[in-house]
Amino acid sequence: MGDTVVTILAIVLAAVLMFVFPLMSVADRSDDVSQLSVQNSTTTFVDNIRSTGRITLAEYNRFAQEINSTGNTYSIEMEVKILDENPGKKTAQTTYEKIGENVYYTEYTTQIMEDLNDARNNNTKYLKEGDIVSVSVKNTNTTISQLLRNFFYRVTGNDSSTIGASNGGIVTVNGRKQRK
């Protein structure tokens, strides 16, 4: 009787070692590949915004399609801090570049998407030199790796996303051509 219990436990342990841990390893590697793909796509998207000074609906849709091609669903959060140049009248210094202070106001994803869906602006959000753009991406679905990890390690929580990326920077050109 004692030998059969030990034999059954050995078979169960062997099955876990032979099937579950390799499955966890493959699932983790799949998440790593998805992470790398999302990070590269996010960096390319933000760098394109920074170098052109505009966000277009077509580029946003292309970016969303690229990251969704990993087989996961994502939440895309965009933030644009728009430079509001506010020249003041009083100054303690004599150079004209130092008059007043520069203030940023922030637009978030919903406001940016309203501009992108506006046909009057050619479905484009125009930015100017000095604006700051940042994009953050997180997966919203549960991957196989997360399921296995939660099952074996009892790791649960609301913020259990494993695939995510963020990037940001300062816009270097004016997006709208200056009229002469």
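This one's a predicted model, so the numbers in the text were calculated from it and none came from an experiment.
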* To do: Might you work through the side chain to side chain donor-acceptor pair (under 3.5 Å) test for Asn167 and Thr43, ending with a clear yes or no?
  => CA-CA 6 Å; Asn167 199 339; Thr43 300; 3.1 Å; yes

* Within one Ile-Leu-Val-Met-Phe-Trp-Tyr cluster: Val80 and Val173, side-chain cutoff 4.5 Å -> no

* Asked: Between the side chain of Asn123 and the main-chain N/O of Thr56, is any donor-acceptor distance below 3.5 Å?
  -> no

* Would you confirm whether Asn122, through its side chain, and Thr124, through its main-chain N or O, come within 3.5 Å as a donor-acceptor pair? => no

* Say you draw a straight line from CD1 of Ile132 to CZ of Arg50; how long is it, rounded to the nearest 0.5 Å? -> 10.5 Å

* To the nearest 0.5 Å, how far apart are CD in Gln35 and CG in Asn40? -> 10.0 Å

* Structure fact -> Only residue of Asn68, Val135, Thr42 satisfying side chain to side chain contact (heavy atoms under 4.5 Å, CB included) with Ile76 is Val135

* **Test item: Gln39 side-chain N/O and Leu36 main-chain N/O as donor-acceptor pair under 3.5 Å** => no

* Asked: Any sub-3.5 Å donor-acceptor pair from Ser41's side-chain atoms to Val38's backbone N or O?
  -> no

* Structure fact -> Of all heavy-atom pairs linking Val46 and Gly168, the shortest is CG1-CA, 3.9 Å

* Backbone N/O of Val33 and side chain of Ser37: donor-acceptor pair under 3.5 Å -> no

* Asked: Name the one of Asp118, Asp115, Asp131 that satisfies salt bridge (charged side-chain N to carboxylate O under 4.0 Å, His left out) with Lys125?
  -> Asp115

* Decide whether Tyr126 and Ile55 are clustered together by the hydrophobic rule: side chain heavy atoms of Ile, Leu, Val, Met, Phe, Trp, Tyr closer than 4.5 Å, transitively. => no

* **Which atom of Met78 lies closest to which atom of Ile112, heavy atoms considered** => CE-CG2, 3.7 Å

* To do: Can you measure from CE (Met18) to CG (Leu23) and round to the nearest 0.5 angstrom?
  => 13.5 Å

